[in-house]
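Residue numbers start from 1 in every chain, and the chains themselves are labelled A, B, ... in the order their sequence lines are given, proteins ahead of strands.
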2 protein chains.
Amino acid sequence: MTSTRPLRADAARNRRLLLAAAAEEFAERGLDASVADIARRAGVGKGTVFRHFATKDHLLAAIVLDRIDALNAVGERLLKAADPGAALLEFLTVAAHQRQQRDLSFLQDAGELPAEVTRARAQMFHTVHALVDRAREHGVVRVDVTGADVILLMCAPNYVTSYVPDASPDLWQRYLAIIFDGLRPEGAHPLPHPPPAAP
Amino acid sequence: MTSTRPLRADAARNRRLLLAAAAEEFAERGLDASVADIARRAGVGKGTVFRHFATKDHLLAAIVLDRIDALNAVGERLLKAADPGAALLEFLTVAAHQRQQRDLSFLQDAGELPAEVTRARAQMFHTVHALVDRAREHGVVRVDVTGADVILLMCAPNYVTSYVPDASPDLWQRYLAIIFDGLRPEGAHPLPHPPPAAP
DNA sequence: TAGCAAGTTGACCGCCCGGTCCGTTTATCG
DNA sequence: CGATAAACGGACCGGGCGGTCAACTTGCTA
């Protein structure tokens with residue numbers, strides 16, 4: 001157990017400022033936003049960043065962890081929703097909405113993330129699998145798609161809209177709808193390749 | 001007009017080696033593959049890279065231009081194919097297959113690309129619009145999707161599979177199929193957002 | 001309010017990158 | 001061949017990055 005003595009007031013404030021600034025900076029400039037810029041945006045010195053987060057990756061991980069946890073809470077709730085199809089769609093909508101900006105994708109890179117992130121991510125994968133299974137059993141998702149498929153596709157709407165220079169911030173909804181229609185059983189054509197085992 | 005005296009034999013060979021090495025390196029490491037690594041892989045000095053290509057971006061542009069031109073040739077042919085639905089699917093298949101590896105996406109970044117690339121890209125966009133229009137008129141693509149939608153979605157299969165660590169090199173086919181089913185009129189639900197004007 | 005640990009800071013370090021430059025090598029052609 | 005311009009290569013440069021550190025400031029507590 002880490003015996004966490006509470007943070008000093010200014011330190012706690014700076015930590016919050018840093019997380020907010022980093023989220024904005026990553027959103028605008030992608031993962032190679034510089035630590036110096038993040039510090040400037042937060043109004044603190046660069047050294048302060050590294051007092052709170054061992055490395056730039058740890059800072060990123062803290063942000064990502066927050067988001068995954070939030071998503072997990074939503075998923076947990078939706079598992080008990082009445083309409084399994086609507087529940088899955090809502091989950092994907094919340095996920096896309098939350099990651100409205102640049103990618104950050106929490107699936108990614110496996111650059112040896114802290115164990116907490118790995119665990120939260122695994123939990124999210126589990127939730128998605130459950131949501132998909134339930135939707136499939138109710139016949140609102142085609143029989144040949146798996147949770148892994150949905151996990152992979154769930155980042156696509158944000159990705160494709162990132163190429164539109166002055167896109168409406170809601171454009172991703174259009175592509176989520178198209179992809180979701182592709183997941184439905186009506187008019188489904190057989191898939192040419194088995195699903196991945198991984199996620 | 002650039003009065004192009006023919007390249008010396010060794011220079012021409014090195015140019016080819018460089019393009020090949022750069023394509024592989026970009027494929028493996030993404031757009032931030034280093035010029036030094038590319039040179040090493042091609043078996044030439046770093047200075048030679050810049051003799052052939054003014055900047056790293058010009059090198060990238062040369063590769064991208066090749067691919068877009070190849071794609072345009074395919075598109076041109078498919079515009080005269082008998083089955084418009086199969087033609088569109090084949091075009092997207094060729095596009096995805098060619099970009100099997102990492103992204104490079106030719107839509108992207110607008111980092112002031114050379115005029116040739118911009119023009120070739122515009123021509124490709126035009127071709128896609130035509131393919132989509134023809135497919136829509138034949139009722140194999142839903143009425144509410146546009147060429148711009150397909151252009152955006154066409155990179156998604158490669159993107160999503162890039163997150164699977166040891167994916168089969170053909171996994172993208174699965175997601176192209178799902179997305180393509182989403183483009184079909186059968187079982188289509190109305191789209192929540194107008195299409196983008198841009199591409 | 002005094003003392004101290006906790007927190008802050010920005011100069012600094014080493015690294016790697018894209019790009020330059022010039023001494024050297026080499027394909028080409030009269 | 002031998003002369004010459006084209007091509008080559010790698011040391012070198014400036015800049016920006018992630019990360020460190022020691023001197024300084026400040027919130028907490030007794």
Where A/Leu65 and A/Ala120 come nearest, the two heavy atoms and their spacing: CD1-CB, 3.7 Å

Residue-level proximity of residues 49-56 of chain A to DNA chain D when a heavy atom falls under 4.0 Å: A/Phe50, A/Thr55, A/Lys56

Spacing of B/Arg13 atom CZ relative to C/dT25 atom P, expressed in whole Å: 17 Å

Pair B/Asp10 + B/Arg13, salt bridge at N-O below 4.0 Å: no

Closest contact, heavy atoms only, B/Leu131 versus B/Ala87: CD2-CB, 4.4 Å

Nucleotide C/dT8, atom P - distance to CZ of A/Arg40 in whole Å: 18 Å

Nearest-angstrom distance from the residue atom CZ of A/Arg15 to P of C/dT8: 12 Å

Distance, rounded to the nearest Å, where B/Arg8 contributes CZ and C/dT28 contributes C1': 8 Å

Electrostatic pair A/Asp181:B/Arg184 at N-O distance under 4.0 angstrom: no

Sugar-phosphate only, base, or nothing, as touched by B/Asn14 at under 4.0 Å among non-hydrogen atoms: sugar-phosphate

Donor-acceptor side-chain pairing of A/Asn158 and A/Tyr175 below 3.5 angstrom: no

Nucleotide interval of DNA chain D bounded by contacts with chain A (heavy-atom cut-off, under 4.0 Å): D/dC17 to D/dC28

A/Phe50 to A/Lys56 - nearest heavy-atom pair and separation: CE2-N, 4.2 Å

Salt-bridge contact A/Glu116-A/Arg121 (side-chain N to carboxylate O under 4.0 Å): no

Closest nucleotide among C/dG18, C/dT8, C/dG10 to the A/Lys46 side chain: C/dG10

Sugar-phosphate only, base, or nothing, as touched by A/Ala33 at under 4.0 Å among non-hydrogen atoms: sugar-phosphate

Integer-rounded Å distance: C/dC17 P and B/Phe26 CZ: 13 Å

Sugar-phosphate only, base, or nothing, as touched by A/Thr48 at under 4.0 Å among non-hydrogen atoms: base

Donor-acceptor contact present, side-chain A/Arg136 to main-chain A/Val145, <3.5 Å: yes

Pairwise 5' ranking along DNA chain D for A/Asp37 and A/Gly47, keeping only the more 5' one: A/Asp37

A/Glu28 and A/Arg41 ion-paired at < 4.0 Å: yes

